[in-house]
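Have a look at the structure below, then the notes.
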Amino acid sequence: MRNEIREQRRQRGLSQAELAAALGVSRQTVISIESGRYLPSLPLAFTIARFFGLTVDKMFDPDDEEAGL
Amino acid sequence: MITFIPPRLRKPAWTALAGLVFAGAWLVHGGPLWWVSIMAVIATAASTARVYRLGGQDTDDGARAGSRADERQQLISVRSRALGFSLAAVASFIGLTAAIALKAVWWWPFLVILLFMGYGYLFGLGKYGVAEEGTPDDTDADTGHPTRSPVSP
């Protein structure tokens, strides 16, 4: 699962710690999500997408094989 | 009760409580090994301070120790507990079978542990929502009967 979080965060000049504080999660979790090691829950995915003013499907892009498409 | 304790102090409080109960057990035990209770109190104080200090760190361990874990950190904790549960179950089963084979009298604590684990597991399945998936959307929720004719396409 690819995601746009790192790019969006950098565009807005936010650090991982600042994004984590805004989302109500830890900095370590932001790092894990950005690197694709952790898939956030649906509520957190929506929170992330809303924070950046995007939709969830713009924010997260499943690999076709992974998604079974 | 736990909600009255600030999050940062919860894990240290449990650590202190467990350690003091353990020390109390040695004190009640008495005999020539009564001094173990003193050692236990010292170890408990050190452990409590360590957990409190850990709770202030900006790490996954710190978040858990400080009772402020987010969803990923809680998931890690749950998976770790599940692994520990599985290993303890295997160890208990091995202990039980070994005790039976050796005709030892200490077989029953293993059985008690296994029973607690088994009932705890079943309790967890009920508490955390197994069989709460509801009825299929082509089934009447009140009667449980199909709402469509089985012969219709």
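The structure presented is a predicted model; accordingly, all values stated were derived computationally and were not measured. Every chain is numbered from 1 and lettered A, B, ... according to where its sequence line falls, protein lines coming before strand lines.
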Can you run down the side-chain hydrogen bond (donor to acceptor under 3.5 Å, both in side chains) pairs that involve residues 81-108 of chain B, sequence neighbours left out, and say none if there aren't any?
-> none
Joint cluster assignment, B/Leu122 & B/Leu111, ILVMFWY side-chain distance < 4.5 Å = no
d(B/Leu114 CG, B/Tyr119 OH) to nearest 0.5 Å is 12.0 Å
Connected to B/Leu33, directly or through other members, by ILVMFWY side-chain contacts below 4.5 Å are B/Phe22, B/Trp26, B/Trp34, B/Trp35, B/Val36, B/Ile38, B/Met39, B/Ile42
Residue pair B/Ile5 / B/Arg10: nearest heavy atoms and the distance that separates them | O-NE, 2.9 Å
Kindly give the cluster partners of B/Leu83, where membership spreads through any ILVMFWY side chain lying under 4.5 Å from a current member.
-> B/Leu87
Taking only distance into account, so ignoring hydrogens and angles, what donor-acceptor contacts under 3.5 Å exist between chain B and chain A?
{"unit_1": "B/Asp58", "atom_1": "O", "unit_2": "A/Gln28", "atom_2": "NE2", "d": "2.6"}
{"unit_1": "B/Asp58", "atom_1": "OD1", "unit_2": "A/Gln28", "atom_2": "NE2", "d": "3.4"}
{"unit_1": "B/Asp58", "atom_1": "OD2", "unit_2": "A/Arg27", "atom_2": "NE", "d": "3.0"}
{"unit_1": "B/Asp58", "atom_1": "OD2", "unit_2": "A/Arg27", "atom_2": "NH2", "d": "3.0"}
{"unit_1": "B/Asp70", "atom_1": "OD1", "unit_2": "A/Thr29", "atom_2": "OG1", "d": "3.1"}
{"unit_1": "B/Asp70", "atom_1": "OD2", "unit_2": "A/Ser26", "atom_2": "N", "d": "2.8"}
{"unit_1": "B/Asp70", "atom_1": "OD2", "unit_2": "A/Ser26", "atom_2": "OG", "d": "2.9"}
{"unit_1": "B/Asp70", "atom_1": "OD2", "unit_2": "A/Thr29", "atom_2": "OG1", "d": "2.6"}
{"unit_1": "B/Glu71", "atom_1": "OE1", "unit_2": "A/Ser41", "atom_2": "OG", "d": "2.6"}
{"unit_1": "B/Glu71", "atom_1": "OE2", "unit_2": "A/Tyr38", "atom_2": "OH", "d": "2.7"}
{"unit_1": "B/Glu71", "atom_1": "OE2", "unit_2": "A/Ser41", "atom_2": "N", "d": "2.8"}
{"unit_1": "B/Glu71", "atom_1": "OE2", "unit_2": "A/Ser41", "atom_2": "OG", "d": "3.4"}
{"unit_1": "B/Arg72", "atom_1": "NE", "unit_2": "A/Thr29", "atom_2": "OG1", "d": "2.9"}
{"unit_1": "B/Gln73", "atom_1": "NE2", "unit_2": "A/Ser26", "atom_2": "OG", "d": "3.1"}

Please state whether the side chain, the backbone, both or neither of A/Pro40 comes within less than 4.5 Å of a heavy atom of chain B.
-> both
